Amino acid sequence: MLPQDSNDDAEDVSLFDAEEETVSRSTRSKIRHPVASFFHLFFRVSAIIVYLLCELLSSSFIACMVTIILLLSCDFWAVKNVTGRLMVGLRWWNHIDEDGKSHWVFESRKATSQENKSVSEAESRIFWLGLIACPVLWVIFAFSALFSFRVKWLAVVIMGVVLQGANLYGYIRCKVGSRKNLTSMATSYLGKQFLRQNDEWLGENSHGTP
């Protein structure tokens, strides 16, 4: 008598779904906008390198200052108008209405299922790493110039802090939302930290009491 196949433990697996998941994962790990990713880091990293090596590259303070300011200006324009929109789907800008009032707009691309599949995680990491790390370095340079009495470099360093800090603030507003949301997030974080420390303190006291 021939043995019969048992289908009790059989499970249907869609090969097409597995292929789509593999393709989606490989797409998200790839850099979809290599030119934008390159220039997102090029101008800001170049400005930092010129600032650190300016005394070795040239003896002219004016030439170094102009070069750094040009690099910072190009970086501000590229990050604000190009790389943020292409790499992470965020944009911030200003417009003046008919009454002459200035309005700041912080936009975030609506995430659909199709767009989520095409979003590159590698590009997102590159974008936020460059956006956060470089302003932090300029703040460090500002304190260093202040405490070492390099007064002539303060204007250049403050320019770097202002231009790159403006892009950082603008994109955080785009990512998080309004200023009210920023305040509520900070309040929620502090509240959670306070409650956690309070619970730990109560737990230690309860174990310590006889």
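All values derive from a computational prediction rather than experimental measurement. Numbers here are sequence positions counted from 1.
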From [atom1] ([X]) to [atom2] ([Y]), nearest 0.5 Å:
X: Cys174; Y: Glu107; atom1: SG; atom2: CD; result: 7.5 Å
X: Trp138; Y: Ser144; atom1: CH2; atom2: OG; result: 11.5 Å
X: Ser120; Y: Arg125; atom1: OG; atom2: CZ; result: 7.5 Å
X: Ile68; Y: Met159; atom1: CD1; atom2: CE; result: 11.0 Å
X: His33; Y: Met87; atom1: NE2; atom2: CE; result: 9.0 Å
X: Arg91; Y: Phe106; atom1: CZ; atom2: CZ; result: 12.5 Å

Item to check | Sequence neighbours excluded, every pair satisfying ring pair (Phe, Tyr, Trp, His ring centres under 6.0 Å) that has a member inside residues 61-82 | outcome: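 Counting only pairs at least two positions apart or across chains, the ring pair (Phe, Tyr, Trp, His ring centres under 6.0 Å) contacts touching residues 61-82 are Phe61-Trp153.
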Checklist entry - Glu98: what forms a salt bridge (charged side-chain N to carboxylate O under 4.0 Å, His left out) with it, not counting sequence neighbours? => result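 Here no residue qualifies.
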Please check if [X] and [Y] belong to a single hydrophobic cluster, counting links between Ile, Leu, Val, Met, Phe, Trp and Tyr side chain heavy atoms closer than 4.5 Å.
X: Val105; Y: Ile96; answer: no
X: Val82; Y: Ile31; answer: no
X: Phe149; Y: Leu146; answer: no
X: Trp93; Y: Leu163; answer: no

Checklist entry - Hydrophobic clusters join Ile, Leu, Val, Met, Phe, Trp and Tyr when side-chain heavy atoms are under 4.5 Å apart, directly or via other members; which others share one with Ile158? => result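 Via sub-4.5 Å side-chain contacts, Ile158 links to Val162.
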Item to check | Cluster companions of Leu129 among Ile, Leu, Val, Met, Phe, Trp, Tyr (side-chain spacing under 4.5 Å) | outcome: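 Same cluster as Leu129: nobody, lone residue.
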Sequence-distant partners of [X], side-chain contact (heavy atoms from CB on, under 4.5 Å), two or more places apart:
X: Leu57; value: Leu53
X: Phe39; value: Val35, Phe42, Phe43
X: Leu168; value: Leu131, Ile132, Pro135, Ile172
X: Phe147; value: Phe143

Any idea which heavy atoms bring [X] and [Y] closest together, and the distance?
X: His103; Y: Asp97; result: NE2-OD2, 2.7 Å
X: Leu72; Y: Ala47; result: CD2-CB, 3.9 Å
X: Leu154; Y: Ala145; result: CD2-CB, 4.0 Å
X: Val50; Y: Cys64; result: CG1-O, 4.5 Å
X: Leu41; Y: Gly130; result: CD2-CA, 3.8 Å

Next on the checklist: Give me each pair satisfying side-chain hydrogen bond (donor to acceptor under 3.5 Å, both in side chains) with a member in residues 49-71, each pair once, sequence neighbours excluded.
Outcome noted: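 Sorted pair list comes back empty.
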Item to check | side-chain hydrogen bond (donor to acceptor under 3.5 Å, both in side chains) contacts in which one or both residues fall within residues 35-46, not counting sequence neighbours | outcome: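 Non-adjacent pairs meeting side-chain hydrogen bond (donor to acceptor under 3.5 Å, both in side chains): His40-Thr83, Arg44-Asp75.
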Next on the checklist: Test: salt bridge (Lys or Arg N to Asp or Glu O under 4.0 Å). Region: residues 156-172. Which pairs qualify, not counting sequence neighbours?
Outcome noted: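 Applying salt bridge (Lys or Arg N to Asp or Glu O under 4.0 Å) to every pair that reaches into residues 156-172, excluding sequence neighbours, yields nothing.
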Item to check | Sequence neighbours excluded - salt bridge (Lys or Arg N to Asp or Glu O under 4.0 Å) pairs with any residue from residues 79-90 | outcome: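 Checked against salt bridge (Lys or Arg N to Asp or Glu O under 4.0 Å) - neighbours excluded - no pair reaches residues 79-90.
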Next on the checklist: Apply side chain to side chain contact (heavy atoms under 4.5 Å, CB included) to residues Ile48 and Phe141 and explain how you reach the verdict.
Outcome noted: CA-CA 10 Å; Ile48 292 174; Phe141 295 157; 3.9 Å; yes
Item to check | Derivation and outcome, side chain to side chain contact (heavy atoms under 4.5 Å, CB included), residues Ile62 and Met65 | outcome: CA-CA 5 Å; Ile62 301 298; Met65 181 184 68; 4.2 Å; yes
Next on the checklist: Set out, in order, the CA-CA distance, both residues' side-chain angles and the distance that settles side chain to side chain contact (heavy atoms under 4.5 Å, CB included) for Lys175 and Tyr171, then state yes or no.
Outcome noted: CA-CA 6 Å; Lys175 185 71 174 179; Tyr171 281 114; over 6 Å; no
